[in-house]
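Notes to accompany the following structure.
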Protein chains: 2
Amino acid sequence: MNVKYRKIISGNAKIVRDINRSTILNLIRLHQPVTRVRLSHLTGLNKSTVSNIVHELLQDNLLSEEELKDQNVGRNPILLRLKPGHHYVAALNLDAVYSRVAVFDINGKMVGHHKFFTDYEHPEKNVLLFSKSLKKMMKKLSIEQINGIGVSVAGMVDSGEGSILYAPHFQWKNLNLMELFQKYYPQPIDIKIDNDANASALAELWFGKGEVTKLNDFVFLSVGAGIGSGIVLNRKILEGANHSAGEFGHMTLVENGLPCICGNRGCLEAYASDRATARRYNALQQKKNATVQESMVEEIIPRALQGEKSAIRTLKETGHFLGLGIKNIIRAVDPQAVIIGGKIIQAWSIIYPEILRVVKSGDLYGLRQEVKILPSSLKVRPRLLGAATLAIREIFEEYQIVR
Amino acid sequence: MNVKYRKIISGNAKIVRDINRSTILNLIRLHQPVTRVRLSHLTGLNKSTVSNIVHELLQDNLLSEEELKDQNVGRNPILLRLKPGHHYVAALNLDAVYSRVAVFDINGKMVGHHKFFTDYEHPEKNVLLFSKSLKKMMKKLSIEQINGIGVSVAGMVDSGEGSILYAPHFQWKNLNLMELFQKYYPQPIDIKIDNDANASALAELWFGKGEVTKLNDFVFLSVGAGIGSGIVLNRKILEGANHSAGEFGHMTLVENGLPCICGNRGCLEAYASDRATARRYNALQQKKNATVQESMVEEIIPRALQGEKSAIRTLKETGHFLGLGIKNIIRAVDPQAVIIGGKIIQAWSIIYPEILRVVKSGDLYGLRQEVKILPSSLKVRPRLLGAATLAIREIFEEYQIVR
DNA sequence: AAAATTTAAAAAAAATCTTGACATAAGAAT
DNA sequence: ATTCTTATGTCAAGATTTTTTTTAAATTTT
């Protein structure tokens with residue numbers, strides 16, 4: 001039976017407490033530093049309830065207090081912040097060539113980092129390398145306990161089960177990664193595994209800067225060797241019935257178009273991935289003997305920025321195709337924004353006008369669709385921070401009431 | 001400020017009651033007839049809580065009881081059902097040429113129906129006609145009170161405000177329909193307005209038969225003069241940041257393809273709408289002088305079913321284009337199913353194989369994507385029943401706890 | 001035929017959590 | 001020195017669910 005039955009959650013006093021506790025903890029995260037009174041206003045909860053719950057959070061070492069001495073009338077407010085130094089999560093990004101391990105605090109700050117060659121042949125080996133690396137890091141940073149592990153994988157993942165359905169880079173199929181982790185971490189620890197595009201989207205949602213802060217509905221388009229995407233709707237990742245929502249990389253852009261590694265033709269990925277960009281560039285350069293390796297868009301971009309014509313033309317084309325794809329994404333889910341990640345955004349000044357032109361050309365009935373096209377706002381690698389966010393989310397998000 | 005802030009709903013005893021009450025009422029609707037004990041199991045709530053809430057619902061005249069005499073051991077169970085004859089909603093579908101008014105009971109059964117010519121020039125006139133028609137119907141059926149009004153409109157709708165952003169058929173732009181209704185219904189009554197594709201999707205979700213019963217995530221593709229769609233994710237309609245999620249009709253299928261009424265080229269609608277189908281058919285028939293009117297797919301379908309070659313070819317092409325669109329829909333939101341509505345489904349035996357062929361050709365990496373392509377399962381007009389469902393939903397759905 | 005068992009529903013007592021009124025804290029304004 | 005003002009803390013009251021106990025009705029066992 002493949003039918004997903006929604007779990008029915010009925011209400012009782014304890015769940016009310018859980019809901020309010022996580023609401024408050026989340027608001028502290030988002031608005032820190034913040035006072036109890038402000039939290040009372042934000043939540044609509046009574047001041048006493050807030051005080052009570054804050055007291056509990058303080059005892060759990062999740063918060064720090066700081067009395068503010070200012071010249072306002074009235075009693076000095078006490079500012080609440082997430083307390084650093086007590087709660088950490090481990091992150092693993094399993095990616096082509098390198099995989100990365102890191103430790104983050106609950107504010108999304110990386111405090112330790114390490115990388116190793118991904119072992120394609122022996123999936124379990126990567127878990128071993130991760131655990132060793134993590135142990136070493138924890139010792140060095142004198143961190144005693146980890147509050148969760150997040151893993152982002154380049155491939156299709158069943159995040160509920162924690163299994164990898166298909167990872168084309170590594171040629172892993174139906175691999176239960178969760179089981180491997182549980183071998184090395186038999187003690188009860190939260191382990192969350194998801195696809196790297198979803199993880200990146202989550203990283204933007206939780207730790208995005210600037211305009212991204214205000215977004216609740218967006219699509220993160222991860223442009224790399226392939227093209228993946230994570231759809232965020234009402235602050236939640238859309239997984240899809242078969243864990244493959246947001247496979248925009250394989251939407252058909254051109255019927256019977258260029259072949260794609262997925263076996264079909266005309267996919268967005270076959271036109272706008274880094275690989276496709278490099279290929280188009282090389283086709284232009286053939287006579288000039290100045291080709292680049294397929295994985296090396298990072299060589300094309302500086303050439304374009306320095307004014308090399310064929311590099312510029314190639315990237316503009318990429319922008320054009322991305323625009324076509326993004327237009328269809330907008331038609332599909334009508335997000336507040338589409339955020340683009342990947343090396344390609346280093347050429348933002350070149351690709352953005354092209355993307356915008358295509359997207360705007362298709363404005364529905366001339367009605368203003370206030371969708372933004374933005375480059376990733378993150379400084380840390382989104383896929384690694386995303387892995388951490390998978391674990392951090394578990395600390396903050398519990399139940400929630402919706403209409 | 002265009003930023004949609006999520007309302008924060010904090011928990012308290014009253015909301016817990018609301019949650020549990022609506023959970024129980026919904027389960028009665030879905031599982032009727034059902035006993036209190038069964039409800040207790042389904043919800044996880046204690047038997048006393050269920051008894052208590054059921055008592056309340058009985059007092060509100062929402063339920064009827066019937067003692068079951070069977071040969072099982074133990075006390076006879078009391079079966080609970082939604083009580084007919086006490087709660088009704090009014091529905092209005094504003095559509096091209098005709099608009100329809102109807103009265104439905106809370107089980108989605110139509111008890112009265114009437115239609116009138118839509119007044120394109122004077123939007124308010126339609127509200128007047130609706131109210132007169134409803135009044136007459138209520139008198140005839142001796143219904144004293146209506147518990148809500150649902151309106152489905154062929155066009156883009158801001159369902160929160162109840163305003164029509166753009167309705168191409170009627171050439172209405174930024175029309176606040178809710179205000180017009182409130183003129184005629186100043187007393188506090190729930191009025192809900194939404195786009196007809198969303199309403200149809202909702203009708204399938206609530207009152208769909210057969211396989212549809214088990215679906216929580218699907219896309220309803222409404223094929224008519226244009227192509228609209230409603231996206232249902234986790235049993236909720238996806239509205240989108242600009243109230244235009246699911247505009248799959250205007251996704252680009254062919255770059256620089258056929259012109260579309262939206263002003264662009266190559267939209268799905270320009271290839272697979274009834275109008276496009278008729279146009280393609282007429283192009284084939286030109287020499288034979290046997291053309292049909294643009295709105296008349298219903299003439300092409302019987303011809304095809306009787307074996308007329310060009311009719312068959314035309315419909316197969318429509319199926320092919322629908323397949324291309326559906327493939328991209330699947331890539332986008334990965335639904336459990338895509339449900340197709342409209343006259344075209346009378347030719348299901350012709351279009352379905354074509355759709356399936358295109359969709360399956362694009363199966364991602366050869367992984368089984370268990371997506372179903374289904375014709376609408378409703379007997380009543382989906383757009384009208386959908387309008388009713390907008391109102392019925394308000395009676396049943398209140399708050400809910402999610403993770 | 002009487003007693004025990006089974007299933008369903010209702011009632012009373014116990015537990016949990018939020019609310020609301022009041023109290024306390026700390027500084028500014030009068 | 002007193003009163004305001006704002007932030008936080010305390011505690012009984014109120015609402016709701018859960019747990020426990022009764023009551024009800026029919027079947028099965030003794």
Side-chain angles (χ1 to χ4, degrees), chain A residues 8-25 27-28 31 33-59 63-81 398-401, chain B residues 8-25 28 31 33-59 63-81 398-399 401:
Chain A
I8 292 168
I9 304 174
S10 58
N12 58 45
K14 266 185 197 143
I15 284 192
V16 166
R17 180 59 153 210
D18 278 354
I19 292 166
N20 292 340
R21 187 189 142 113
S22 79
T23 303
I24 286 178
L25 187 54
L27 285 172
I28 292 173
H31 294 82
V34 64
T35 67
R36 288 167 174 79
V37 176
R38 176 105 194 280
L39 289 171
S40 170
H41 284 134
L42 287 168
T43 54
L45 286 168
N46 194 284
K47 290 177 294 180
S48 13
T49 310
V50 174
S51 271
N52 197 326
I53 290 175
V54 165
H55 181 76
E56 205 179 282
L57 293 172
L58 282 165
Q59 285 198 319
L63 303 182
S64 69
E65 290 188 310
E66 179 205 347
E67 197 175 330
L68 180 70
K69 308 240 180 204
D70 64 356
Q71 47 272 62
N72 288 332
V73 295
R75 175 173 172 175
N76 286 343
I78 299 172
L79 299 178
L80 300 168
R81 283 192 180 81
E398 297 272 327
Y399 302 106
Q400 176 184 347
I401 300 175
Chain B
I8 293 169
I9 304 173
S10 59
N12 58 43
K14 265 183 199 147
I15 284 192
V16 167
R17 179 60 153 206
D18 279 354
I19 292 166
N20 291 341
R21 187 189 142 113
S22 79
T23 303
I24 286 178
L25 187 53
I28 292 173
H31 293 82
V34 64
T35 66
R36 291 167 172 78
V37 173
R38 176 105 194 279
L39 288 170
S40 170
H41 283 132
L42 287 168
T43 55
L45 286 167
N46 195 282
K47 288 178 294 179
S48 348
T49 311
V50 174
S51 271
N52 199 326
I53 290 175
V54 165
H55 183 76
E56 207 180 282
L57 293 172
L58 281 165
Q59 286 199 319
L63 303 183
S64 69
E65 290 187 311
E66 180 205 346
E67 197 174 330
L68 180 71
K69 308 241 181 206
D70 66 354
Q71 48 272 61
N72 289 331
V73 295
R75 176 177 173 173
N76 285 345
I78 300 173
L79 298 178
L80 301 168
R81 283 193 181 81
E398 299 272 328
Y399 302 106
I401 301 174

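Keep in mind that the numbers below use all heavy atoms, side chains included, and drop hydrogens, waters and symmetry copies. Chain identifiers are assigned alphabetically (A, B, ...) following the order of the sequence lines, protein sequences preceding nucleic acid strands; residue numbering begins at 1 within each chain.
- Within the 4.0 Å cut-off from OP1 or OP2 of C:dA26, not a single side-chain nitrogen or oxygen of A:Asn76 is found.
- Regarding A:Leu68, its CG atom lies at a distance of 10 Å from the P atom of D:dT8, rounded to whole Å.
- Close to C:dA9, at under 4.0 Å from its OP1 or OP2, lies a side-chain N or O of B:Arg36.
- Among A:Leu42, A:Thr23, A:Val34, the single residue meeting the side chain to side chain contact (heavy atoms under 4.5 Å, CB included) criterion with A:Ile28 is A:Val34.
- Evaluation of the salt bridge (Lys or Arg N to Asp or Glu O under 4.0 Å) rule for A:Arg75 yields no partner, not counting sequence neighbours.
- Shown here are the side chain to side chain donor-acceptor pair (under 3.5 Å) partners of B:Asp18, two or more places apart in sequence or in another chain: there are none.
- Between the axis at the start and the axis at the end of the helix from C:dA1-D:dT30 to C:dT30-D:dA1 there is an angle of 30°, using five pairs per end and rounding to 10 degrees.
- Evaluation of the side chain to side chain contact (heavy atoms under 4.5 Å, CB included) rule for A:Thr35 yields A:Val37, A:Arg38, A:Pro77, A:Leu79 as partners, not counting sequence neighbours.
- Residues in residues 50-59 of chain B take part in these side-chain hydrogen bond (donor to acceptor under 3.5 Å, both in side chains) pairs, two or more places apart or across chains: B:Arg17-B:Asn52, B:Arg17-B:Glu56, B:Arg21-B:Glu56.
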**OP:** Determine, for nucleotides 12-25 of chain C in 5'-to-3' order, which nucleotides have protein heavy atoms under 4.0 Å from the base (write B), from only the sugar-phosphate (write S), or from neither (write -).
**Re:** ----BSSBB----B
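- The side chain to side chain contact (heavy atoms under 4.5 Å, CB included) search around A:Thr49 returns A:Leu45, A:Asn46, A:Ile53, not counting sequence neighbours.
- Here the C1' atom of nucleotide D:dT8 and the CG atom of A:Leu79 are 13 Å apart, to the nearest Å.
- Partners of A:Glu67 according to the salt bridge (Lys or Arg N to Asp or Glu O under 4.0 Å) rule, which considers only residues two or more places apart in sequence or in another chain, do not exist here.
- We find that CG of B:Leu39 is positioned 12 Å from P of C:dA10, with the value rounded to whole Å.
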